[in-house]
K.L.:
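Got a structure for you, written out below as structure tokens; questions coming shortly.
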Protein chains: 2
Amino acid sequence: MPEATTIRDTVRDTVRGVTRSSGRGAETRERILDAALSSFGTIGYDGTSLDDLANGLGVRKQTILYHFVSKRGLLGAVVDRSAADLNAALFEVLDGEATDWERVEALVRSVFRVALEQPLLMGLLREVSRPGSPAAPRLKGAMGPLMDRAQAWMEREMDAGRMRRTDAQLVLISAYSTVVGLATEIEVLRAAGLEPTMRTVATRRRELLRFLRASLDPQR
Amino acid sequence: MPEATTIRDTVRDTVRGVTRSSGRGAETRERILDAALSSFGTIGYDGTSLDDLANGLGVRKQTILYHFVSKRGLLGAVVDRSAADLNAALFEVLDGEATDWERVEALVRSVFRVALEQPLLMGLLREVSRPGSPAAPRLKGAMGPLMDRAQAWMEREMDAGRMRRTDAQLVLISAYSTVVGLATEIEVLRAAGLEPTMRTVATRRRELLRFLRASLDPQR
DNA sequence: CAGGGTACTTACCAGATGGTCAGGATAAGT
DNA sequence: ACTTATCCTGACCATCTGGTAAGTACCCTG
């Protein structure tokens, strides 16, 4: 368990979120972030104890505080990194060559891919988008630019008549909550004893696309 | 975990949990349940402190523990009462005279009415349908009969050819998660600075009905 | 080899938390 | 008047919480 920090991990760590000095501790830092994401996303922020988190990692609690100053700081870092992951996936599509309806479809597929590959991230989103969450403003700040960009694009499409004129923000939030709701749904399915299949997810995706088409397609 | 208490206490608690002699303390008990529902549904179970809860009621923490033995006991009582409210609303429809598709619509409208009248209840559902929630099995037990009844009815309809044959449980869970997701959505809307309107809710309801029709209508 | 920065730890703590225990007040039965 | 049951409270406590302070071990640089 002690796992003496081997010396040669030095530079080979790809720092994902905020650029951080890539020393020996970079790996530990990432491991803490991973565990924290998992814990926050399942048992919640209040339900997570730094001691438990540290024990699960074979590390002392003070190591966590060394890297992230405070518990809130840790939550902030987790939110930032997760938002960065989401942003990367979505900006890629927004910058891509797909246009019009294809782009909407590509966005939806991209989000669902992330949701499937990183279910923990969805759990975090659900936890953080709670009214009293300490990280709600942080999430808003981290996701804001993406939302603004998407909204601006939609409004350009509407101006050009390629999209039906509606409240872009409302549509975006509906789509967002559908995806986050999917995470809940999967958990409820598990609780009911059913192992969620691809079918559930595919159905939900089809539903969302149908909703978007109904809201946005100028032909209807 | 002494957990002992006297036999008399145990019996008394059990009795109090189910029926509830209408003594002087009944009012206090209900007030505690109301406040607990509100607190659990917003800041969550772990985020709720018995001291704070009691202070908000102008009562000592021991009063809460007197009525509900433990914090978990309080959560259990809150879940039970909320589930009873939901059950009452839905069984009324299931026992009503509406048939076939009308009954499905009546059920959906009934659920949405409850969600609008008691948003706190939706918050509780979201909190409790979390993977690690201490009340997850309790909720399952309290809502199980209703789900079973609905599922049985759907399967009868399928046998009679009035409903397309699908996995009834899957459809029910999807509908459930849509409704609970609505609560989240409203909160996110608030966080984004938009005051949620009737329109949001109506849109979601229409969407859910469309999904159900697509899943169940034998004509399609 | 001295000095400094990084990564991590041991020791410790003040406050909050859920919970126990021993009552006190009031009303109702006998 | 005595008991009994219900409802509520003050005093107290073990435990856990996030957080501080002061090291220790290690590498890199001069």
Side-chain angles (χ1 to χ4, degrees), chain A residues 1-11 13 15 19-33 35-36 39-40 43-77 134-135, chain B residues 1-17 19-33 36 39-40 43-77 134:
Chain A
M1 263 79 84
E3 160 51 35
T5 53
T6 48
I7 316 100
R8 281 160 294 286
D9 312 348
T10 348
V11 194
D13 250 309
V15 182
T19 330
R20 189 74 185 164
S21 62
S22 53
R24 308 191 310 285
E27 190 207 359
T28 303
R29 201 189 135 92
E30 289 300 307
R31 283 177 58 231
I32 295 174
L33 280 176
S39 189
F40 290 157
I43 59 180
Y45 178 75
D46 288 316
T48 297
S49 124
L50 292 185
D51 272 309
D52 292 349
L53 207 59
N55 284 341
L57 288 164
V59 148
R60 265 10 88 203
K61 166 176 61 174
Q62 283 67 17
T63 305
I64 300 180
L65 290 171
Y66 166 75
H67 282 287
F68 303 98
V69 184
S70 69
K71 193 184 180 185
R72 282 176 91 116
L74 175 60
L75 176 60
Chain B
M1 311 353 173
E3 148 68 33
T5 62
T6 63
I7 296 177
R8 200 193 59 203
D9 283 340
T10 308
V11 171
R12 194 185 55 196
D13 291 336
T14 307
V15 169
R16 214 181 2 245
T19 49
R20 193 189 61 260
S21 60
S22 53
R24 309 191 309 288
E27 189 208 358
T28 304
R29 203 189 132 91
E30 288 302 308
R31 283 176 58 231
I32 295 174
L33 280 176
S39 188
F40 289 157
I43 59 179
Y45 177 77
D46 288 315
T48 298
S49 128
L50 291 185
D51 273 309
D52 293 349
L53 206 61
N55 285 340
L57 288 164
V59 148
R60 263 13 84 200
K61 166 177 59 175
Q62 284 68 13
T63 305
I64 300 180
L65 290 171
Y66 165 73
H67 282 286
F68 303 97
V69 184
S70 68
K71 194 185 179 183
R72 278 195 172 212
L74 175 59
L75 177 60

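Just so it is clear, the model here is predicted, and its values are computed rather than measured. What's counted below: heavy atoms across the whole structure, side chains too, no hydrogens, waters or symmetry copies.
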K.L.:
In whole Å, what is the span from the CG atom of A:Asp51 to the P atom of C:dT10?
P.N.:
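After rounding, the gap between these two atoms is 12 Å.
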K.L.:
Would you mind reading off the distance between A:Gln62 atom CD and C:dC13 atom P, rounded to a whole angstrom?
P.N.:
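Atom-to-atom, A:Gln62 to C:dC13, this comes out as 14 Å.
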K.L.:
Decide yes or no for A:Leu74 and A:Leu50: does some side-chain heavy atom of the first lie under 4.5 Å from some side-chain heavy atom of the second?
P.N.:
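Yes, their side chains come closer than 4.5 Å.
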K.L.:
Where the side chain of A:Arg60 is concerned, which of C:dT10, C:dG19, D:dG19 is the nearest nucleotide?
P.N.:
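The listed nucleotide nearest to A:Arg60's side chain is C:dT10.
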K.L.:
For the backbone of B:Ala36 and the side chain of B:Ser39, can you confirm whether one donor and one acceptor N or O come within less than 3.5 Å of each other?
P.N.:
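Checked: no pair found.
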K.L.:
Would you please confirm or rule out a distance under 4.0 Å between OP1 or OP2 of C:dC8 and any side-chain N or O of A:Thr28?
P.N.:
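Yes.
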K.L.:
For C:dA7, take OP1 and OP2 only and decide whether either is under 4.0 Å from a side-chain N or O of A:Tyr66.
P.N.:
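Yes, A:Tyr66 has a side-chain N/O under 4.0 Å of OP1/OP2 on C:dA7.
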K.L.:
Would you mind classifying the nucleic acid contact of B:Leu65 as base, sugar-phosphate or nothing, using non-hydrogen atoms under 4.0 angstrom?
P.N.:
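Answer is base: heavy atoms of B:Leu65 come under 4.0 Å of a base.
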K.L.:
Using only side-chain N and O atoms of A:Ser49, determine if any of them is under 4.0 Å from OP1 or OP2 of D:dT17.
P.N.:
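The answer is yes; a side-chain N or O of A:Ser49 sits under 4.0 Å from OP1 or OP2.
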K.L.:
Which nucleotide, D:dG19, C:dT9, C:dT17, lies nearest any side-chain atom of B:Asp52?
P.N.:
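Given the options D:dG19, C:dT9, C:dT17, the side chain of B:Asp52 is closest to C:dT17.
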K.L.:
Starting at atom CZ of B:Arg72, determine the distance to atom C1' of C:dT17, rounded to an integer number of angstrom.
P.N.:
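About 15 Å, once rounded to whole Å.
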K.L.:
With rounding to the nearest 0.5 Å, note down the distance linking CD in B:Gln62 to CD1 in B:Ile64.
P.N.:
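That separation rounds to 9.0 Å.
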K.L.:
Can you tell me the distance, in whole Å, between the CD1 atom of B:Ile64 and the P atom of C:dT20?
P.N.:
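It works out to 14 Å between those atoms.
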K.L.:
Please report, rounded to the nearest Å, how far the C1' atom of D:dG10 is from the CG atom of B:Leu50.
P.N.:
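The distance from CG of B:Leu50 to C1' of D:dG10 comes to 17 Å, rounded to the nearest Å.
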K.L.:
Between C:dT20 atom C1' and B:Phe68 atom CZ, what is the distance in whole Å?
P.N.:
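Value for this atom pair: 19 Å.
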K.L.:
Measure across B:Lys61 and B:Ala54 and return the closest heavy-atom pair with its distance rounded to 0.1 Å.
P.N.:
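For B:Lys61 and B:Ala54, the tightest heavy-atom pair comes out as N-CB, 3.5 Å.
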K.L.:
What is the separation between atom CG on B:Leu53 and atom P on C:dT17, rounded to the nearest whole Å?
P.N.:
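From B:Leu53 CG to C:dT17 P: 11 Å.
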K.L.:
Just the rounded figure in Å: distance from C1' of C:dA7 to CZ of A:Arg31.
P.N.:
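Distance, rounded to whole Å: 13 Å.
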K.L.:
For A:Ser70 and D:dG18, is the shortest distance between a side-chain N/O and OP1 or OP2 below 4.0 Å?
P.N.:
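For A:Ser70, the contact criterion (side-chain N or O under 4.0 Å from OP1 or OP2 of D:dG18) is not met.
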K.L.:
Minimum heavy-atom separation for B:Ser70 to B:Leu65, with atom names?
P.N.:
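Minimum heavy-atom separation between B:Ser70 and B:Leu65: CA-CD2, 3.8 Å.
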K.L.:
Please state whether the phosphate of D:dT6, meaning OP1 or OP2, lies under 4.0 angstrom from any side-chain nitrogen or oxygen of B:His67.
P.N.:
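Indeed not, no polar side-chain atom of B:His67 lies that close.
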K.L.:
Measuring from the side chain of B:Lys71 (C-beta onward, heavy atoms only), which nucleotide among D:dT17, C:dG19, D:dC7 has the closest atom?
P.N.:
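Out of D:dT17, C:dG19, D:dC7, the nucleotide with an atom closest to B:Lys71's side chain is C:dG19.
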